[in-house]
2 protein chains.
Amino acid sequence: MRRDSKLSGVLHVLLHMAEIEGPVTSEFLAGVMQTNPVVVRRIMAGLRDRGYVHSEKGHGGGWRIACDFEAVTLRDIYDALGAPEIFAMGNRSEAPGCLVEQAVNAAMDESFREAEALLMAQLGRVTLATLSADFHARLAARGGDFNLETAHAV
Amino acid sequence: MRRDSKLSGVLHVLLHMAEIEGPVTSEFLAGVMQTNPVVVRRIMAGLRDRGYVHSEKGHGGGWRIACDFEAVTLRDIYDALGAPEIFAMGNRSEAPGCLVEQAVNAAMDESFREAEALLMAQLGRVTLATLSADFHARLAARGGDFNLETAHAV
DNA sequence: CGGTCATGAAACATGTAAAGTTACATGAGG
DNA sequence: CCTCATGTAACTTTACATGTTTCATGACCG
């Protein structure tokens with residue numbers, strides 16, 4: 001395991017769901033993502049709480065998209081995941097008594113804060129519909145002979 | 001342990017060194033950073049290779065600043081550390097066969113790439129001299145009664 | 001020259017967090 | 001009432017930054 005890939009993973013799941021009729025089980029999505037159904041439920045939980053997806057138990061149950069792809073941005077999805085830490089780097093201590101460290105923290109914080117703001121703005125500019133359209137463009141470029149069901153087979 | 005704090009740590013060390021006459025031992029710097037001398041040598045190795053600092057063995061040995069604080073930016077220091085990973089988030093897989101994942105990766109990569117570019121530009125704008133000046137301003141604001149030697153005591 | 005102090009570097013230990021796994025409870029159909 | 005699917009908690013695994021131990025190398029000092 002290396003970096004947090006929840007955002008990447010959940011977007012992958014959503015776009016696949018959009019291509020499939022009817023509810024999809026965690027187990028199926030786990031196959032798509034080559035992971036465990038519980039991992040899928042975990043990352044979907046935040047989206048469910050925000051109403052972006054809906055889940056149903058029992059026979060014929062599973063996950064269903066419950067939002068307008070035009071209206072939801074990557075920023076929204078990021079927030080639904082609990083706004084996980086963006087940067088792999090940070091200050092050694094947050095509230096240092098040392099004035100040197102205060103100066104270092106202040107300089108680094110400002111740079112990182114601005115980069116974060118830009119990233120959030122970028123993510124807010126991309127909707128799920130944008131992503132889906134990009135996928136369909138790639139599909140068309142391939143002549144549409146792409147099989148979603150087998151694309152993840154090992 | 002949480003996030004990579006090498007950049008924060010090495011800047012802290014450099015600013016302290018600037019306030020001290022003559023060479024400084026890893027052991028002393030380790031005290032300042034509340035860590036181990038080996039950790040100090042480890043993060044300083046990259047700076048030594050680039051000539052930003054100089055090290056000497058034996059009696060009276062230690063570390064010495066060997067660069068112009070006006071000329072070296074935080075970006076330079078970041079590079080000297082080996083340009084460690086900036087983001088805590090990333091793609092699940094880098095070269096996916098799945099077209100959906102390709103679309104997801106493309107969108108995320110672009111956002112992250114722009115945020116990274118901005119961050120690098122920000123870091124390139126701040127010199128070690130800027131940081132040092134900021135520290136001295138904080139020092140003056142305190143009336144200059146700040147003792148560097150004891151600022152890290154527990 | 002031998003003793004001591006310092007860096008250099010490799011090898012190993014530890015702590016933390018993401019991701020993976022197991023287990024069981026809950027509810028929906030059939 | 002049996003099976004399927006989600007909901008969740010607890011536990012395991014893995015990766016990695018950091019911490020630690022150890023020894024080699026070289027410099028200075030008496």
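The figures here come from the full heavy-atom set of this structure, side chains too, leaving out hydrogens, waters and symmetry mates.
For the OP1/OP2 pair of D:dA5 and a distance below 4.0 Å, the side-chain nitrogens and oxygens of A:S26 include no atom meeting the criterion. Here A:R48 reaches the OP1 or OP2 of D:dG7: one of its side-chain N or O atoms lies under 4.0 Å away. A close approach under 4.0 Å does not occur between any side-chain nitrogen or oxygen of A:T25 and OP1 or OP2 of D:dC4. Put simply, A:R41 has a side-chain N or O that comes within less than 4.0 Å of OP1 or OP2 on D:dT6.
The residue B:G60 sits apart from the nucleic acid: no heavy atom pair falls under 4.0 Å.
Heavy-atom nearest nucleotides on DNA chain D were determined for A:P37 and for A:H59, and the one closer to the 5' end corresponds to A:H59. A residue-by-residue look at A:T35 and B:A45 shows that B:A45 has its nearest nucleotide of DNA chain C further toward the 5' end. For the pair A:K6 and A:E56, nearest-nucleotide mapping onto DNA chain C gives the more 5' position to A:K6.
Closest to the side chain of B:K57, from the set D:dA27, C:dA9, C:dT21, is D:dA27. Here C:dT7 is the nucleotide among C:dA28, C:dT21, C:dT7 with the atom lying nearest to any side-chain atom of B:S55. Relative to the side chain of A:V38, the nucleotides D:dG19, C:dG20, D:dT8 differ in distance, and D:dT8 lies closest. The nucleotide whose nearest atom lies closest to any side-chain atom of A:R42 is, among D:dA27, D:dT18, C:dG20, C:dG20.
When atom types are taken as modelled, the side chain of A:N105 and the backbone of A:Q102 share no donor-acceptor pair closer than 3.5 angstrom. Within the 3.5 Å criterion, the main-chain N or O of B:P84 finds a donor-acceptor partner in the side chain of B:Y78.
A:H16 and B:E101 share no side-chain donor-acceptor pair at under 3.5 Å.
Rounded to a whole Å, the CG atom of B:N36 is 14 Å from the C1' atom of C:dT7. Rounding to whole angstrom units, CZ of residue A:R92 and P of C:dG15 are separated by 19 Å.
Between B:F112 and B:F87, the ring planes lie perpendicular to each other; the angle is over 60°, past the 30° to 60° tilted range.
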